[in-house]
Amino acid sequence: MQQQNEQRADLIGAYVRELFVPRDEVLDGFEQELERAGIPLIQVPPELGKLLGLLVRLMRSRRVLEIGTLGGYSAAWMARALPEGGRLITLEKSAKHAEFARSFLARAGVVDKVEVVVGSALDTLPALLEREEPQFDMVFIDADKESYPGYLDWSIRLLRPGGLIVADNVLRGGKVMEPGDDAVLNGVAEFNQHAAASPLLDSLILPNRNGQDGILLAVVREQQ
Ligand code: SAH
Ligand code: DHB
Ligand code: MG
């Protein structure tokens, strides 16, 4: 029964991708390239990449921040959805991942729109406040889960009123409901609680990956 459900869910996933995620020479080769480079295959699935692009457009974004670049897959989806002159800043701790991402993003045709910043995000985020244009329309959080609560605070500081936070991996197979003493699960559970309770935000979790994980969406309330 369980196996039948999983097979059916896989078929449904394939149906959605077939209909709504167009073939793309560069994006479709990503996973194989990542594997060859010995980098973990933990990028968002194609339909979540597509959703991130739709959200960039829906927000009429000109400036997007990503925390956790990996090889640049989600970054490519978001950067491609930006208008002319739009900018994506993406933060990555691993110099190896950042180098891979720069080369991948060049091939994806968005190198002019993306800046990959190397360093641990909690160390590189403060400098964003000092930039000429410090406000973002959207933030995608997808780096180390222990730091999610810190990333939430920074996102609120860096987003414009009405700006959007999207965070990946907020359900972890439902394990966030009983985090025990696991640092990853506690980071995510605290993040979810803060997002839900913050008077500055209006938030919801959408389950995805066949219900095995979820994304959190939060809009920064406009000033009353
Ligand atoms: N958004 C990517 C996947 C990101 S995976 C995609 O969907 O294509 C998580 C990434 O966060 C990894 O590359 C990891 O090296 C990076 N990371 C982990 N801890 C970090 C930190 N403290 N600061 C910045 N990046 C970090
Ligand atoms: C992991 C991280 C992710 O961002 C993800 O989407 C899946 C797995 C991980 O660290 O294992
Ligand atoms: Mg993720």
Side-chain angles (χ1 to χ4, degrees), residues 13 21 24 26-35 37-56 64-81 88-105 107-108 110 114-128 138-155 158 165-176 182-188 191-192 205-217:
V21 185
D24 183 288
V26 180
L27 293 184
D28 294 350
F30 177 82
E31 187 161 292
Q32 221 182 350
E33 281 184 46
L34 203 63
E35 194 167 16
I39 298 174
L41 310 181
I42 52 173
Q43 74 280 11
V44 296
E47 58 274 25
L48 186 43
K50 170 101 191 215
L51 176 64
L52 288 167
L54 291 179
L55 291 170
V56 166
V64 176
L65 174 64
E66 175 176 68
I67 307 177
T69 316
L70 190 69
Y73 184 75
S74 51
W77 275 101
M78 292 191 285
R80 282 183 173 186
L88 170 74
I89 297 175
T90 179
L91 312 182
E92 174 54 53
K93 180 170 152 180
S94 154
K96 177 182 175 178
H97 296 182
E99 188 189 325
F100 180 102
R102 287 194 187 106
S103 140
F104 179 74
L105 290 161
R107 274 174 291 127
V110 291
V114 185
E115 181 183 344
V116 185
V117 177
V118 181
S120 193
L122 288 175
D123 297 333
T124 57
L125 279 160
L128 296 180
M138 175 171 153
V139 180
F140 177 48
I141 300 174
D142 194 19
D144 54 317
K145 314 307 167 198
E146 297 89 330
S147 304
Y148 268 34
Y151 298 150
L152 183 65
D153 293 340
W154 275 105
S155 300
L158 289 164
I165 298 169
V166 184
D168 194 25
N169 312 115
V170 297
L171 290 178
R172 321 281 346 204
K175 293 200 285 281
V176 284
D182 183 292
V184 165
L185 295 176
N186 275 290
V188 177
F191 173 84
N192 290 341
I205 289 173
L206 300 180
N208 66 0
R209 294 175 170 96
N210 306 330
Q212 281 313 292
D213 216 327
I215 57 168
L216 184 141
L217 299 182

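In listed order, ligands and their atoms are each counted from 1. Note that the coordinates shown come from a computational prediction; the quantities given were computed from them, not determined experimentally.
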Considering only the protein, which heavy-atom contact is closest to atom 17 (N) of ligand 1, and what is its distance? Ala143 CB, 4.0 Å
Within the structure, does Arg172 bring an N/O atom to less than 3.5 angstrom of an N/O atom in ligand 2? no
Could you tell me the residue and atom name of the protein heavy atom closest to atom 9 (C) of ligand 1, and the distance to it rounded to 0.1 Å? Asp142 O, 3.2 Å
Mutual orientation of the aromatic rings belonging to Phe100 and Phe30 [parallel < 30°, tilted 30-60°, perpendicular > 60°]: perpendicular
Measuring from non-hydrogen atoms of Trp77 to any atom of ligand 1, is the shortest distance under 4.0 Å? no
If we set the cut-off at 4.0 Å for heavy atoms, which region of Asp213 has an atom near ligand 2: side chain, backbone, both, or neither? neither
Close side-chain approach of Val56 and Phe140, heavy atoms under 4.5 Å: no
With a cut-off of 4.0 Å, which atoms of ligand 1 are near a heavy atom of Gln43? 6 (C), 7 (O), 8 (O)
Check whether any side-chain heavy atom of Leu88 lies under 4.5 Å from a side-chain heavy atom of Glu66, and answer yes or no. yes
Tell me, which protein residue and heavy-atom name are nearest atom 18 (C) of ligand 1, and how many Å apart are they? Asp144 N, 3.8 Å
the protein heavy atom lying closest to atom 10 (O) of ligand 2 turns out to be Ile42 CD1, 4.1 Å
Nearest non-hydrogen partners of Ser155 and Val139, listed with the distance: OG-CG1, 3.5 Å
If the cut-off is 4.0 Å to any non-hydrogen atom of Asp142, which atoms of ligand 2 fall inside it? 4 (O)
Indicate yes or no: at least one non-hydrogen side-chain atom of Asp213 is less than 4.5 angstrom from one of Asn208. yes
Report, in ascending order of atom number, the atoms of ligand 2 lying under 4.0 Å from any heavy atom of Asp168. 6 (O)
Within a distance under 4.0 Å of any heavy atom of Glu66, pick out the atoms of ligand 1 and give their elements. 1 (N)
Return the residue, atom name and 0.1 Å-rounded distance of the protein heavy atom closest to atom 12 (C) of ligand 1. Glu92 OE1, 3.5 Å
Quick one: does Ser120 get a heavy atom under 4.0 Å from ligand 1? yes
Do you see a donor-acceptor pair shorter than 3.5 Å between the side chains of Asp144 and Tyr151? yes
Evaluation steps, salt bridge (Lys or Arg N to Asp or Glu O under 4.0 Å), between Lys145 and Asp182: CA-CA 11 Å; Lys145 314 307 167 198; Asp182 183 292; over 6 Å; no
Protein heavy atom at shortest distance from atom 5 (S) of ligand 1: Ile42 CD1, 3.6 Å
Should Met138 and Leu52 count as side-chain neighbours, where that means a heavy-atom distance under 4.5 Å? yes
Just distances here: any N/O of Ser94 and N/O of ligand 1 closer than 3.5 Å? no
Hey, which atoms in ligand 2 end up nearer than 4.0 Å to a heavy atom of Arg209? 6 (O)
Using distance alone, decide if ligand 1 has a nitrogen or oxygen within less than 3.5 Å of any nitrogen or oxygen in Ala121. yes
What residue and heavy atom of the protein are closest to atom 24 (C) of ligand 1, and at what distance? Lys93 N, 3.3 Å
Which heavy atom of the protein is the closest neighbour of atom 6 (C) of ligand 1, given with residue, atom name and distance? Ser74 OG, 3.0 Å
Note: Ile67, heavy atoms under 4.0 Å from ligand 1, region reported as neither
Glu92 side chain near Thr124 side chain, heavy-atom distance below 4.5 Å: no
Please could you name the atoms of ligand 2 that Asn169 approaches to less than 4.0 Å, counting only its heavy atoms? 3 (C), 4 (O), 5 (C), 6 (O), 7 (C)
Quick one: does Lys145 get within less than 4.0 Å of ligand 2, heavy atoms only? yes
Under 4.0 Å to a heavy atom of Tyr151 - the qualifying atoms of ligand 1, by number: 21 (C), 22 (N), 23 (N)
Check whether any N or O atom of Gly68, backbone or side chain, sits under 3.5 Å from an N or O atom of ligand 1, and answer yes or no. yes
Within a distance under 4.0 Å of any heavy atom of His97, pick out the atoms of ligand 1 and give their elements. 12 (C), 13 (O), 15 (O)
Among the N, O or S atoms that Asp142 has, which is closest to the Mg ion (ligand 3)? OD1
Which heavy atom of Asn169 sits nearest a heavy atom of Val188, and at what distance? O-CG1, 3.8 Å
Residue pair Arg209 / Pro45: nearest heavy atoms and the distance that separates them: NH2-CD, 3.3 Å
May I ask whether Gly119 places a heavy atom under 4.0 Å from ligand 1? yes
Hey, are the side chains of Leu70 and Asp142 touching, using non-hydrogen atoms and a 4.5 Å cut-off? no
Taking the side chain as everything from C-beta on, heavy atoms only, tell me whether Val116 gets closer than 4.5 Å to Leu105. yes
Closer than 4.0 Å to some heavy atom of Leu70 - which atoms of ligand 1 meet that? 2 (C), 3 (C), 4 (C), 5 (S), 13 (O)
Tell me whether Gln43 has at least one N, O or S atom under 2.8 Å from the Mg ion (ligand 3). no
Hey, is ligand 1 close enough to Val44 that some N/O pair sits below 3.5 Å? yes
Side-chain donor/acceptor of Lys96 to backbone N/O of Ile39, under 3.5 Å: no
Using side-chain heavy atoms (C-beta onward) and a distance below 4.5 Å, is Leu216 in contact with Ile141? no
